[in-house]
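Chain naming here is simple, since letters A, B, ... match the order of the sequence lines and numbering starts at 1 in each.
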Amino acid sequence: DGGITQSPKYLFRKEGQNVTLSCEQNLNHDAMYWYRQDPGQGLRLIYYSQIVNDFQKGDIAEGYSVSREKKESFPLTVTSAQKNPTAFYLCATHGDTDTQYFGPGTRLTVL
Amino acid sequence: QKEVEQDPGPLSVPEGAIVSLNCTYSNSAFQYFMWYRQYSRKGPELLMYTYSSGNKEDGRFTAQVDKSSKYISLFIRDSQPSDSATYLCAANQAGTALIFGKGTTLSVSS
């Protein structure tokens, strides 16, 4: 079964906690992306990585961190510095045809 | 001005209607244009992909790009209740991240 997996599906965070969202892909795509989606806001780019051990900030990187140690994995950490983290988080990969493919998403809620 | 603009709707139509969804963009360097469909609480799925200007048809769906007016359209014929979702347009240049519109919410009633 190929594609992009994200875990967990639902995540609850207490104030002041760091949490890590997982994104794994077996599509052999080099580029991976993290987006945040809020109602009425569309998709906003947090971080992206075009190759292993390299990543760049997107439009709303403050309060987030990433790593890209393996081609298949691009985890996102939501730190306590992110003041309003409740949102739907989407991971995507970028294929050879310049299209992006999305995972099923993780819904993060701050308690 | 956002690079890709999309009317958020909501848009409500009866079953069997023809639906027209539209976006405009400002960056003349965009070459690739996409439409994604997103059901509630799910990740977006790629629906249509078009390179440069022209039309592309896939079943009940037709994607249209007019680069002269910087206009992107998606037409849905014989709309079904299962088409009820949010539709996102997107565009990019080769090798760059997609720029998304905010999405249009469509509801098709039976």
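At distances below 3.5 Å, at least one donor-acceptor pair connects side-chain atoms of A:N18 with backbone N or O atoms of A:S80. Without hydrogens or angle criteria, A:T79 side chain to A:A81 main chain gives a donor-acceptor distance under 3.5 Å. Of the possible donor and acceptor atoms, none in the side chain of A:N53 sits under 3.5 Å from a partner among the backbone N and O of A:E69. Not one N or O on the side chain of A:S22 forms a donor-acceptor pair closer than 3.5 Å with the backbone of A:S7. No donor-acceptor pair closer than 3.5 Å links the side chain of A:Q25 to the backbone N or O of A:T93.
Applying a 4.5 Å heavy-atom cutoff, none of the residues of residues 65-87 of chain B approach chain A. Proximity to chain A among residues 37-63 of chain B is limited to B:Q38, B:R41, B:K42, B:G43, B:P44, B:L46, B:Y49, judged by heavy-atom separations below 4.5 angstrom.
Applying the under-4.5 Å side-chain rule to Ile, Leu, Val, Met, Phe, Trp and Tyr, the cluster around A:F74 extends to A:L11, A:V19, A:L21, A:M32, A:W34, A:I46, A:Y47, A:F55, A:I60, A:Y64, A:V66, A:L76, A:V78, A:Y89, A:L108.
Distance check: A:Q50 CD to A:D30 CG gives 9.0 Å after rounding to the nearest 0.5 Å. In this structure, A:E24 CD and A:I4 CD1 are separated by 11.5 Å, a value rounded to the nearest 0.5 Å.
With a threshold of 4.5 angstrom between heavy atoms, A:Q6 does not approach chain B through any atom at all. The contact between B:T96 and chain A is made entirely by backbone atoms, counting heavy-atom distances below 4.5 Å.
Every ring-ring contact (aromatic ring centres under 6.0 Å, His included) that A:Y48 has, sequence neighbours left out, goes to A:Y33.
Ring orientation note: the planes of B:Y36 and B:F100 are tilted relative to one another, at an angle of 30° to 60°.
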